[in-house]
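Written below as C-alpha coordinates is the structure these notes are about.
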Amino acid sequence: MTALTVTLALVATFALLLRWQRPAWYWMSFGIIFAVVRILARYTSVMDACGLTVPPSRWRLALARITGRPIPDSRAPRILRLRPTRTGLVLRVKLRPGQDAFDFSAASDRLRHSFVMQNVTAREVRSGVVELRMTGYDVLKRVQMPAADRGGVMRVPVAMREDGEVYYRDYRQTPHALNVGATQSGKSVYQRNLVAALAAQDVAVVGIDCKQGVELAPLARRFTALADNPDAAADLLDALVEHMEDVYQLIRREQRLSADTPDAEITADIWDLPDHLRPTPIVLLVDEVAELALYATKEEEKRRDWIITSLVRLAQLGRAAGIYLEICGQRFGSELGKGITMLRAQLTGRTAHRVNDETSANMAFGDVAPDAVLATIQIRTDRPGTAVAGDSSGGWVRIRTPHLTLRRAVNIANSHAHRTPEIPVLDAFRPVLSPLGKTAAPSTAKAPAIA
(Lines give C-alpha, C1' and ligand atoms only; values in the text may rest on other atoms or scores of the structure.)
Protein backbone atom coordinates (compact mmCIF):
# COMPACT_ATOMS: atom_id res chain seq x y z
CA MET A 1 0.00 0.00 0.00
CA THR A 2 2.86 2.34 0.85
CA ALA A 3 4.60 1.59 -2.46
CA LEU A 4 1.37 2.30 -4.37
CA THR A 5 0.90 5.59 -2.51
CA VAL A 6 4.47 6.67 -3.25
CA THR A 7 4.06 5.72 -6.92
CA LEU A 8 0.84 7.70 -7.24
CA ALA A 9 2.43 10.68 -5.53
CA LEU A 10 5.40 10.56 -7.90
CA VAL A 11 3.12 10.31 -10.94
CA ALA A 12 1.00 13.23 -9.69
CA THR A 13 4.11 15.31 -9.04
CA PHE A 14 5.45 14.47 -12.49
CA ALA A 15 2.12 15.41 -14.11
CA LEU A 16 1.99 18.76 -12.28
CA LEU A 17 5.57 19.49 -13.26
CA LEU A 18 4.80 18.71 -16.89
CA ARG A 19 1.68 20.88 -16.80
CA TRP A 20 3.73 23.80 -15.50
CA GLN A 21 6.88 23.46 -17.62
CA ARG A 22 5.77 21.51 -20.71
CA PRO A 23 2.00 21.88 -21.21
CA ALA A 24 2.15 20.25 -24.64
CA TRP A 25 3.80 17.12 -23.20
CA TYR A 26 1.31 17.08 -20.32
CA TRP A 27 -1.57 17.26 -22.76
CA MET A 28 -0.29 14.36 -24.86
CA SER A 29 0.46 12.16 -21.85
CA PHE A 30 -2.25 12.95 -19.27
CA GLY A 31 -4.49 15.76 -20.44
CA ILE A 32 -6.18 13.95 -23.33
CA ILE A 33 -7.42 11.13 -21.09
CA PHE A 34 -8.76 13.47 -18.42
CA ALA A 35 -10.45 15.72 -20.99
CA VAL A 36 -12.15 12.88 -22.87
CA VAL A 37 -13.53 11.37 -19.65
CA ARG A 38 -14.68 14.78 -18.42
CA ILE A 39 -16.45 15.68 -21.67
CA LEU A 40 -18.23 12.35 -22.06
CA ALA A 41 -19.34 12.36 -18.41
CA ARG A 42 -20.61 15.94 -18.43
CA TYR A 43 -21.83 16.20 -22.01
CA THR A 44 -25.61 15.93 -21.52
CA SER A 45 -25.74 18.13 -18.42
CA VAL A 46 -23.48 20.78 -20.00
CA MET A 47 -25.59 20.90 -23.16
CA ASP A 48 -28.70 21.35 -21.03
CA ALA A 49 -27.12 24.05 -18.86
CA CYS A 50 -25.90 25.95 -21.93
CA GLY A 51 -29.33 25.86 -23.57
CA LEU A 52 -28.20 23.56 -26.38
CA THR A 53 -30.91 20.91 -25.96
CA VAL A 54 -34.32 20.66 -27.59
CA PRO A 55 -37.59 19.54 -25.95
CA PRO A 56 -38.96 16.11 -26.85
CA SER A 57 -40.98 15.90 -30.04
CA ARG A 58 -44.77 15.60 -30.02
CA TRP A 59 -44.81 11.95 -31.01
CA ARG A 60 -42.48 11.08 -28.10
CA LEU A 61 -44.74 12.96 -25.70
CA ALA A 62 -47.81 11.21 -27.13
CA LEU A 63 -46.11 7.82 -26.87
CA ALA A 64 -45.19 8.52 -23.24
CA ARG A 65 -48.79 9.40 -22.39
CA ILE A 66 -50.17 6.31 -24.13
CA THR A 67 -47.73 3.94 -22.45
CA GLY A 68 -47.88 5.72 -19.10
CA ARG A 69 -44.16 6.40 -19.01
CA PRO A 70 -42.54 9.54 -17.58
CA ILE A 71 -42.16 12.55 -19.87
CA PRO A 72 -38.89 12.15 -21.80
CA ASP A 73 -36.05 14.54 -21.14
CA SER A 74 -34.78 17.17 -23.57
CA ARG A 75 -32.34 15.81 -26.11
CA ALA A 76 -28.78 17.01 -26.56
CA PRO A 77 -27.03 17.08 -29.97
CA ARG A 78 -25.71 13.68 -30.94
CA ILE A 79 -21.93 13.16 -30.83
CA LEU A 80 -20.65 12.06 -34.23
CA ARG A 81 -16.92 12.01 -33.48
CA LEU A 82 -14.48 12.95 -30.74
CA ARG A 83 -10.93 13.18 -32.07
CA PRO A 84 -7.84 14.14 -30.03
CA THR A 85 -5.16 16.37 -31.56
CA ARG A 86 -1.73 17.47 -30.38
CA THR A 87 -3.23 20.65 -28.91
CA GLY A 88 -6.77 19.67 -27.91
CA LEU A 89 -9.91 17.87 -29.02
CA VAL A 90 -12.24 18.11 -32.00
CA LEU A 91 -15.87 17.32 -31.16
CA ARG A 92 -18.28 16.97 -34.08
CA VAL A 93 -22.00 16.96 -33.23
CA LYS A 94 -25.23 16.48 -35.17
CA LEU A 95 -27.72 19.27 -34.57
CA ARG A 96 -31.26 18.56 -33.49
CA PRO A 97 -34.21 20.07 -35.41
CA GLY A 98 -34.53 23.75 -34.58
CA GLN A 99 -30.90 24.27 -33.56
CA ASP A 100 -28.48 26.63 -35.29
CA ALA A 101 -24.70 26.80 -35.53
CA PHE A 102 -24.82 30.31 -34.07
CA ASP A 103 -26.17 28.85 -30.81
CA PHE A 104 -22.88 26.99 -30.33
CA SER A 105 -20.78 30.03 -31.24
CA ALA A 106 -22.67 32.12 -28.70
CA ALA A 107 -22.23 29.46 -26.01
CA SER A 108 -18.52 28.81 -26.72
CA ASP A 109 -17.34 30.64 -23.59
CA ARG A 110 -19.74 28.70 -21.37
CA LEU A 111 -18.65 25.46 -22.98
CA ARG A 112 -15.03 26.38 -22.30
CA HIS A 113 -15.68 26.78 -18.58
CA SER A 114 -17.96 23.75 -18.33
CA PHE A 115 -15.53 21.37 -20.02
CA VAL A 116 -12.49 23.03 -18.32
CA MET A 117 -10.72 23.70 -21.63
CA GLN A 118 -8.49 26.59 -22.61
CA ASN A 119 -10.49 27.65 -25.65
CA VAL A 120 -13.54 26.51 -27.62
CA THR A 121 -14.45 27.63 -31.13
CA ALA A 122 -17.42 26.45 -33.19
CA ARG A 123 -17.82 26.27 -36.94
CA GLU A 124 -20.40 24.76 -39.26
CA VAL A 125 -19.02 21.83 -41.25
CA ARG A 126 -22.12 21.26 -43.33
CA SER A 127 -25.84 21.61 -42.93
CA GLY A 128 -26.79 20.10 -39.57
CA VAL A 129 -23.23 19.38 -38.40
CA VAL A 130 -21.14 21.62 -36.12
CA GLU A 131 -17.51 21.12 -35.14
CA LEU A 132 -16.28 22.24 -31.73
CA ARG A 133 -12.51 22.69 -31.73
CA MET A 134 -11.11 22.78 -28.18
CA THR A 135 -7.59 23.49 -26.99
CA GLY A 136 -6.32 21.87 -23.82
CA TYR A 137 -3.69 24.50 -22.98
CA ASP A 138 -2.69 28.02 -23.96
CA VAL A 139 -1.07 27.39 -27.35
CA LEU A 140 -0.22 31.09 -27.74
CA LYS A 141 1.82 31.30 -24.52
CA ARG A 142 4.78 29.39 -25.93
CA VAL A 143 4.33 29.01 -29.66
CA GLN A 144 5.62 25.74 -31.09
CA MET A 145 5.08 25.28 -34.79
CA PRO A 146 4.63 21.66 -35.95
CA ALA A 147 7.58 20.07 -37.68
CA ALA A 148 5.46 18.90 -40.62
CA ASP A 149 5.00 21.73 -43.11
CA ARG A 150 1.75 21.43 -45.07
CA GLY A 151 2.35 24.59 -47.07
CA GLY A 152 2.31 24.76 -50.84
CA VAL A 153 2.99 27.05 -53.75
CA MET A 154 2.75 30.62 -52.41
CA ARG A 155 1.29 29.26 -49.16
CA VAL A 156 3.57 29.52 -46.13
CA PRO A 157 3.08 28.93 -42.37
CA VAL A 158 3.79 32.04 -40.30
CA ALA A 159 1.93 31.73 -36.97
CA MET A 160 -0.14 29.57 -34.63
CA ARG A 161 -3.89 30.09 -34.26
CA GLU A 162 -5.60 30.11 -30.88
CA ASP A 163 -7.52 26.95 -31.83
CA GLY A 164 -4.26 25.02 -32.24
CA GLU A 165 -4.15 25.11 -36.03
CA VAL A 166 -1.36 26.63 -38.09
CA TYR A 167 -2.02 30.02 -39.66
CA TYR A 168 -0.94 30.10 -43.30
CA ARG A 169 -0.34 33.14 -45.47
CA ASP A 170 -1.83 32.04 -48.78
CA TYR A 171 -0.97 34.55 -51.48
CA ARG A 172 -3.00 32.90 -54.22
CA GLN A 173 -6.13 33.00 -52.07
CA THR A 174 -5.45 36.40 -50.41
CA PRO A 175 -3.11 38.29 -52.75
CA HIS A 176 -2.60 41.51 -50.79
CA ALA A 177 -2.56 42.13 -47.04
CA LEU A 178 -2.21 44.88 -44.45
CA ASN A 179 -0.20 44.43 -41.25
CA VAL A 180 -0.54 47.12 -38.56
CA GLY A 181 0.84 47.30 -35.05
CA ALA A 182 2.45 49.62 -32.53
CA THR A 183 6.11 49.67 -31.63
CA GLN A 184 7.25 46.46 -29.89
CA SER A 185 4.02 44.67 -30.86
CA GLY A 186 5.75 41.94 -32.88
CA LYS A 187 5.03 43.32 -36.33
CA SER A 188 8.67 43.10 -37.42
CA VAL A 189 9.00 39.52 -36.14
CA TYR A 190 5.91 38.58 -38.16
CA GLN A 191 7.55 40.08 -41.23
CA ARG A 192 10.80 38.27 -40.41
CA ASN A 193 8.97 34.92 -40.20
CA LEU A 194 7.30 35.69 -43.50
CA VAL A 195 10.62 36.28 -45.26
CA ALA A 196 12.10 33.15 -43.69
CA ALA A 197 9.14 31.06 -44.89
CA LEU A 198 9.24 32.56 -48.39
CA ALA A 199 13.00 31.97 -48.63
CA ALA A 200 12.47 28.30 -49.50
CA GLN A 201 9.90 29.12 -52.21
CA ASP A 202 10.59 29.88 -55.86
CA VAL A 203 9.57 33.49 -55.46
CA ALA A 204 11.21 36.89 -55.84
CA VAL A 205 11.15 38.89 -52.60
CA VAL A 206 11.23 42.66 -53.07
CA GLY A 207 11.50 45.03 -50.12
CA ILE A 208 10.96 48.71 -49.36
CA ASP A 209 12.37 49.71 -45.97
CA CYS A 210 12.64 53.46 -45.52
CA LYS A 211 14.31 53.07 -42.12
CA GLN A 212 17.59 52.95 -44.05
CA GLY A 213 17.03 49.23 -44.43
CA VAL A 214 17.63 48.28 -40.80
CA GLU A 215 14.76 45.74 -40.81
CA LEU A 216 15.19 44.09 -44.22
CA ALA A 217 18.84 44.72 -45.12
CA PRO A 218 20.16 41.86 -42.92
CA LEU A 219 18.05 39.48 -45.03
CA ALA A 220 19.12 41.08 -48.31
CA ARG A 221 20.79 37.98 -49.78
CA ARG A 222 17.32 36.57 -50.38
CA PHE A 223 15.97 39.84 -51.85
CA THR A 224 15.84 40.37 -55.57
CA ALA A 225 15.46 44.13 -55.04
CA LEU A 226 15.59 46.41 -52.02
CA ALA A 227 14.97 50.14 -51.60
CA ASP A 228 15.93 51.92 -48.38
CA ASN A 229 14.69 55.48 -49.04
CA PRO A 230 11.60 57.09 -50.64
CA ASP A 231 13.41 58.15 -53.83
CA ALA A 232 14.66 54.63 -54.50
CA ALA A 233 11.21 53.28 -53.57
CA ALA A 234 9.55 55.46 -56.22
CA ASP A 235 11.92 54.16 -58.90
CA LEU A 236 11.50 50.56 -57.71
CA LEU A 237 7.70 50.82 -57.90
CA ASP A 238 8.00 52.22 -61.42
CA ALA A 239 10.07 49.17 -62.38
CA LEU A 240 7.48 46.84 -60.86
CA VAL A 241 4.68 48.53 -62.81
CA GLU A 242 6.74 48.16 -65.98
CA HIS A 243 7.33 44.48 -65.18
CA MET A 244 3.59 44.00 -64.58
CA GLU A 245 2.77 45.47 -68.00
CA ASP A 246 5.32 43.17 -69.67
CA VAL A 247 3.78 40.15 -67.95
CA TYR A 248 0.33 41.10 -69.22
CA GLN A 249 1.70 41.30 -72.75
CA LEU A 250 3.09 37.77 -72.29
CA ILE A 251 -0.27 36.50 -71.05
CA ARG A 252 -2.06 38.09 -74.02
CA ARG A 253 0.25 36.33 -76.46
CA GLU A 254 -0.30 32.96 -74.77
CA GLN A 255 -4.09 33.06 -74.37
CA ARG A 256 -4.67 31.24 -77.68
CA LEU A 257 -8.30 32.24 -78.02
CA SER A 258 -9.07 30.05 -81.03
CA ALA A 259 -12.27 28.09 -81.41
CA ASP A 260 -10.56 24.72 -81.04
CA THR A 261 -8.58 25.60 -77.88
CA PRO A 262 -9.80 23.69 -74.79
CA ASP A 263 -11.12 25.86 -71.98
CA ALA A 264 -8.46 24.53 -69.61
CA GLU A 265 -5.67 25.97 -71.79
CA ILE A 266 -7.04 29.52 -71.85
CA THR A 267 -5.33 31.66 -69.26
CA ALA A 268 -5.80 35.09 -67.68
CA ASP A 269 -2.95 34.95 -65.14
CA ILE A 270 0.55 33.54 -64.81
CA TRP A 271 -0.48 30.32 -63.09
CA ASP A 272 -2.02 28.81 -66.22
CA LEU A 273 1.04 29.53 -68.34
CA PRO A 274 3.44 26.70 -69.22
CA ASP A 275 6.24 26.24 -66.70
CA HIS A 276 8.95 27.39 -69.11
CA LEU A 277 7.09 30.64 -69.79
CA ARG A 278 5.73 31.45 -66.33
CA PRO A 279 7.39 34.54 -64.81
CA THR A 280 8.61 34.32 -61.24
CA PRO A 281 5.96 35.53 -58.76
CA ILE A 282 6.95 38.58 -56.71
CA VAL A 283 6.13 39.42 -53.09
CA LEU A 284 6.57 43.12 -52.29
CA LEU A 285 7.17 43.87 -48.58
CA VAL A 286 6.68 47.50 -47.55
CA ASP A 287 7.95 48.24 -44.04
CA GLU A 288 6.43 51.37 -42.42
CA VAL A 289 4.26 52.66 -45.26
CA ALA A 290 3.79 56.01 -43.51
CA GLU A 291 7.34 56.96 -44.50
CA LEU A 292 6.25 56.75 -48.12
CA ALA A 293 3.15 58.86 -47.54
CA LEU A 294 4.61 61.72 -45.47
CA TYR A 295 6.04 64.84 -47.11
CA ALA A 296 7.35 68.27 -46.14
CA THR A 297 7.92 70.05 -49.47
CA LYS A 298 6.19 70.35 -52.82
CA GLU A 299 8.72 68.04 -54.45
CA GLU A 300 8.19 65.42 -51.76
CA GLU A 301 4.44 65.75 -52.23
CA LYS A 302 4.76 64.95 -55.94
CA ARG A 303 6.95 61.97 -55.11
CA ARG A 304 4.45 60.82 -52.49
CA ASP A 305 1.51 60.99 -54.90
CA TRP A 306 3.50 59.02 -57.48
CA ILE A 307 4.38 56.31 -54.93
CA ILE A 308 0.81 55.90 -53.66
CA THR A 309 -0.52 55.81 -57.22
CA SER A 310 1.97 53.05 -58.11
CA LEU A 311 1.02 51.03 -55.04
CA VAL A 312 -2.68 51.37 -55.88
CA ARG A 313 -2.02 50.22 -59.45
CA LEU A 314 -0.07 47.19 -58.22
CA ALA A 315 -2.82 46.34 -55.72
CA GLN A 316 -5.55 46.62 -58.35
CA LEU A 317 -3.78 44.90 -61.24
CA GLY A 318 -0.83 42.97 -59.86
CA ARG A 319 -2.52 39.74 -58.77
CA ALA A 320 -2.86 38.22 -62.26
CA ALA A 321 0.73 39.21 -63.03
CA GLY A 322 1.96 37.38 -59.93
CA ILE A 323 2.74 40.49 -57.84
CA TYR A 324 1.57 40.36 -54.23
CA LEU A 325 1.70 43.14 -51.64
CA GLU A 326 2.43 42.97 -47.91
CA ILE A 327 1.94 46.48 -46.49
CA CYS A 328 3.14 47.12 -42.91
CA GLY A 329 2.76 50.19 -40.72
CA GLN A 330 1.90 51.50 -37.28
CA ARG A 331 -1.15 53.38 -38.58
CA PHE A 332 -2.91 53.24 -41.91
CA GLY A 333 -5.65 55.85 -42.05
CA SER A 334 -6.91 58.77 -44.09
CA GLU A 335 -4.56 61.17 -42.28
CA LEU A 336 -1.78 59.80 -44.51
CA GLY A 337 -3.37 61.61 -47.42
CA LYS A 338 -5.33 60.94 -50.56
CA GLY A 339 -5.21 57.50 -52.07
CA ILE A 340 -4.55 55.70 -48.79
CA THR A 341 -8.13 54.53 -48.26
CA MET A 342 -8.25 53.42 -51.90
CA LEU A 343 -5.12 51.36 -51.30
CA ARG A 344 -6.53 49.89 -48.08
CA ALA A 345 -9.69 48.80 -49.92
CA GLN A 346 -7.53 46.58 -52.15
CA LEU A 347 -5.82 44.82 -49.22
CA THR A 348 -7.97 41.76 -48.59
CA GLY A 349 -5.98 40.25 -45.72
CA ARG A 350 -5.79 42.13 -42.44
CA THR A 351 -3.43 41.47 -39.52
CA ALA A 352 -3.48 43.75 -36.48
CA HIS A 353 -0.95 43.43 -33.67
CA ARG A 354 -1.26 45.39 -30.43
CA VAL A 355 -2.25 48.99 -31.11
CA ASN A 356 -2.25 52.03 -28.88
CA ASP A 357 -5.79 53.23 -29.58
CA GLU A 358 -9.12 52.00 -30.89
CA THR A 359 -8.86 54.20 -33.98
CA SER A 360 -5.84 52.23 -35.20
CA ALA A 361 -7.77 48.98 -34.76
CA ASN A 362 -10.66 50.46 -36.72
CA MET A 363 -8.28 51.23 -39.57
CA ALA A 364 -7.61 47.51 -39.93
CA PHE A 365 -10.99 45.92 -39.16
CA GLY A 366 -13.60 48.65 -38.95
CA ASP A 367 -14.70 48.12 -42.56
CA VAL A 368 -14.58 44.29 -42.64
CA ALA A 369 -14.94 42.83 -39.11
CA PRO A 370 -16.13 45.31 -36.47
CA ASP A 371 -16.23 42.64 -33.77
CA ALA A 372 -12.48 42.06 -34.26
CA VAL A 373 -11.72 45.63 -33.17
CA LEU A 374 -12.43 44.81 -29.50
CA ALA A 375 -10.21 41.72 -29.68
CA THR A 376 -7.39 43.82 -31.14
CA ILE A 377 -7.36 46.46 -28.40
CA GLN A 378 -7.39 43.73 -25.74
CA ILE A 379 -4.01 42.29 -26.79
CA ARG A 380 -1.67 42.40 -23.79
CA THR A 381 1.66 44.22 -23.87
CA ASP A 382 3.47 41.17 -22.44
CA ARG A 383 2.44 39.01 -25.40
CA PRO A 384 4.44 40.44 -28.35
CA GLY A 385 3.64 38.70 -31.60
CA THR A 386 -0.02 38.18 -30.72
CA ALA A 387 -2.32 39.53 -33.42
CA VAL A 388 -5.80 39.31 -34.84
CA ALA A 389 -5.89 38.06 -38.43
CA GLY A 390 -8.88 38.31 -40.73
CA ASP A 391 -9.98 39.06 -44.25
CA SER A 392 -12.72 40.86 -46.15
CA SER A 393 -15.22 38.05 -45.44
CA GLY A 394 -15.46 39.23 -41.82
CA GLY A 395 -13.93 36.11 -40.28
CA TRP A 396 -11.05 36.56 -37.83
CA VAL A 397 -8.90 34.60 -35.42
CA ARG A 398 -6.20 35.29 -32.83
CA ILE A 399 -2.72 34.22 -33.84
CA ARG A 400 0.80 34.50 -32.45
CA THR A 401 4.03 34.41 -34.38
CA PRO A 402 6.88 32.29 -32.97
CA HIS A 403 9.84 34.37 -31.89
CA LEU A 404 12.49 34.24 -34.61
CA THR A 405 15.78 35.92 -33.79
CA LEU A 406 17.40 38.09 -36.42
CA ARG A 407 20.48 35.86 -36.39
CA ARG A 408 18.43 32.78 -37.22
CA ALA A 409 16.45 34.65 -39.89
CA VAL A 410 19.70 35.79 -41.50
CA ASN A 411 21.00 32.22 -41.49
CA ILE A 412 17.81 31.00 -43.21
CA ALA A 413 17.98 33.77 -45.80
CA ASN A 414 21.66 33.07 -46.50
CA SER A 415 21.09 29.32 -46.80
CA HIS A 416 18.51 29.96 -49.53
CA ALA A 417 20.41 32.77 -51.26
CA HIS A 418 20.90 30.57 -54.32
CA ARG A 419 17.12 30.64 -54.85
CA THR A 420 17.10 34.41 -55.35
CA PRO A 421 15.91 34.93 -58.94
CA GLU A 422 17.20 37.61 -61.26
CA ILE A 423 14.57 39.81 -62.88
CA PRO A 424 16.20 42.08 -65.49
CA VAL A 425 13.97 45.08 -64.87
CA LEU A 426 14.91 44.99 -61.17
CA ASP A 427 18.66 44.54 -61.58
CA ALA A 428 19.35 48.17 -60.72
CA PHE A 429 17.83 47.64 -57.25
CA ARG A 430 19.55 44.37 -56.39
CA PRO A 431 21.38 44.68 -53.04
CA VAL A 432 25.16 44.94 -53.39
CA LEU A 433 26.66 42.51 -50.88
CA SER A 434 29.98 40.92 -50.18
CA PRO A 435 30.33 37.35 -51.46
CA LEU A 436 29.18 34.46 -49.29
CA GLY A 437 31.63 31.93 -47.90
CA LYS A 438 32.98 29.13 -50.04
CA THR A 439 30.33 26.72 -48.77
CA ALA A 440 27.45 28.82 -50.01
CA ALA A 441 25.84 27.90 -53.29
CA PRO A 442 26.02 30.54 -56.05
CA SER A 443 22.92 32.33 -57.29
CA THR A 444 21.94 30.67 -60.57
CA ALA A 445 18.15 30.98 -60.64
CA LYS A 446 16.83 33.40 -63.23
CA ALA A 447 13.34 34.57 -64.06
CA PRO A 448 12.14 33.76 -67.59
CA ALA A 449 12.82 36.65 -69.91
CA ILE A 450 9.77 38.56 -71.07
CA ALA A 451 10.05 39.65 -74.65
Side-chain angles (χ1 to χ4, degrees), residues 18-28 30-32 35 84-91 105 108-109 111-113 115-123 131-151 156-170 177 179-194 196-197 328 349-356 361 364-365 369 371-391 395-405 408-409:
L18 276 183
R19 188 174 185 178
W20 177 41
Q21 291 291 337
R22 291 290 185 269
W25 296 1
Y26 168 80
W27 172 254
M28 295 298 294
F30 298 97
I32 290 179
T85 66
R86 71 181 191 90
T87 58
L89 297 171
V90 177
L91 176 64
S105 299
S108 60
D109 200 49
L111 293 173
R112 175 175 71 90
H113 289 291
F115 289 139
V116 195
M117 303 295 287
Q118 178 67 31
N119 184 59
V120 175
T121 57
R123 71 179 185 93
E131 185 176 88
L132 300 176
R133 186 170 290 272
M134 305 179 237
T135 52
Y137 59 96
D138 189 357
V139 296
L140 301 185
K141 183 177 181 180
R142 185 183 298 166
V143 178
Q144 295 178 334
M145 302 290 285
D149 181 7
R150 293 184 297 172
V156 293
V158 292
M160 180 69 74
R161 294 161 45 117
E162 66 176 344
D163 60 2
E165 291 292 294
V166 176
Y167 175 75
Y168 291 91
R169 178 70 176 92
D170 192 339
N179 178 16
V180 299
T183 303
Q184 294 293 319
S185 64
K187 183 173 75 277
S188 297
V189 176
Y190 175 90
Q191 186 173 262
R192 197 181 298 163
N193 273 272
L194 196 58
C328 303
R350 306 291 173 87
T351 303
H353 292 76
R354 178 182 54 80
V355 294
N356 292 327
F365 290 109
D371 54 336
V373 174
L374 181 61
T376 301
I377 62 178
Q378 290 178 341
I379 296 175
R380 293 156 43 183
T381 57
D382 61 345
R383 286 277 184 104
T386 304
V388 175
D391 53 42
W396 60 273
V397 66
R398 288 185 184 88
I399 64 172
R400 192 179 188 192
T401 310
H403 181 66
L404 179 65
T405 63
R408 187 180 172 199

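Positions are given from 1, in the same order as the sequence printed here. Since the model is a prediction, treat every value here as computed from it, not as a measurement.
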Please give me the minimum heavy-atom distance between [X] and [Y], naming the atom from each residue.
{"X": "Ala182", "Y": "Lys187", "answer": "O-NZ, 4.2 Å"}
{"X": "Ile399", "Y": "Leu140", "answer": "C-CD2, 4.2 Å"}
{"X": "Ala364", "Y": "Ala352", "answer": "CB-CB, 4.1 Å"}
{"X": "Cys328", "Y": "Gln191", "answer": "SG-OE1, 3.2 Å"}
{"X": "Val120", "Y": "Ser108", "answer": "O-CB, 3.4 Å"}
{"X": "Met160", "Y": "Val166", "answer": "SD-N, 4.4 Å"}

_Is there a side-chain contact (heavy atoms from CB on, under 4.5 Å) between Val156 and Leu194? Walk through the geometry before answering._
CA-CA 8 Å; Val156 293; Leu194 196 58; 4.1 Å; yes
*Please step through side-chain contact (heavy atoms from CB on, under 4.5 Å) for the pair His353 and Asn179, ending with a clear verdict.*
CA-CA 8 Å; His353 292 76; Asn179 178 16; 3.1 Å; yes
*Hey, mind stepping through Leu91 and Met134 against side-chain contact (heavy atoms from CB on, under 4.5 Å) and telling me if it holds?*
CA-CA 8 Å; Leu91 176 64; Met134 305 179 237; 3.7 Å; yes
Measuring from [X]:[atom1] to [Y]:[atom2], what's the distance to the nearest 0.5 Å?
{"X": "Leu89", "Y": "Leu132", "atom1": "CG", "atom2": "CG", "answer": "10.5 Å"}
{"X": "Asn119", "Y": "Leu111", "atom1": "CG", "atom2": "CG", "answer": "11.0 Å"}
{"X": "Arg161", "Y": "Tyr168", "atom1": "CZ", "atom2": "OH", "answer": "11.0 Å"}

*Quick one: sort the Tyr137 and Trp27 rings into parallel, tilted or perpendicular, breaks at 30° and 60°.*
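Geometry flag for Trp27 against Tyr137: tilted rings.
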Side-chain donor/acceptor of [X] to backbone N/O of [Y], under 3.5 Å:
{"X": "Asn193", "Y": "Pro402", "value": "yes"}
{"X": "Arg192", "Y": "Leu404", "value": "yes"}
{"X": "Arg354", "Y": "Ile379", "value": "no"}
{"X": "Arg398", "Y": "Thr376", "value": "no"}
{"X": "Arg400", "Y": "Lys141", "value": "yes"}
{"X": "Thr135", "Y": "Gln118", "value": "no"}

*Flag if over 12 foreign heavy atoms under 6.0 Å of CD, Gln144*: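 It does not: Gln144 CD has 12 such atoms or fewer within range.
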*Is atom CZ of Arg86 surrounded by more than 12 heavy atoms (other residues, nucleotides or ligands) closer than 6.0 Å?*
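Check passes, neighbour count above 12.
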*Go through the steps to decide whether Arg408 and His403 satisfy the test side-chain contact (heavy atoms from CB on, under 4.5 Å), and finish with yes or no.*
CA-CA 10 Å; Arg408 187 180 172 199; His403 181 66; over 6 Å; no
*Full working for salt bridge (Lys or Arg N to Asp or Glu O under 4.0 Å) between Asp138 and Arg383*: CA-CA 12 Å; Asp138 189 357; Arg383 286 277 184 104; 2.6 Å; yes
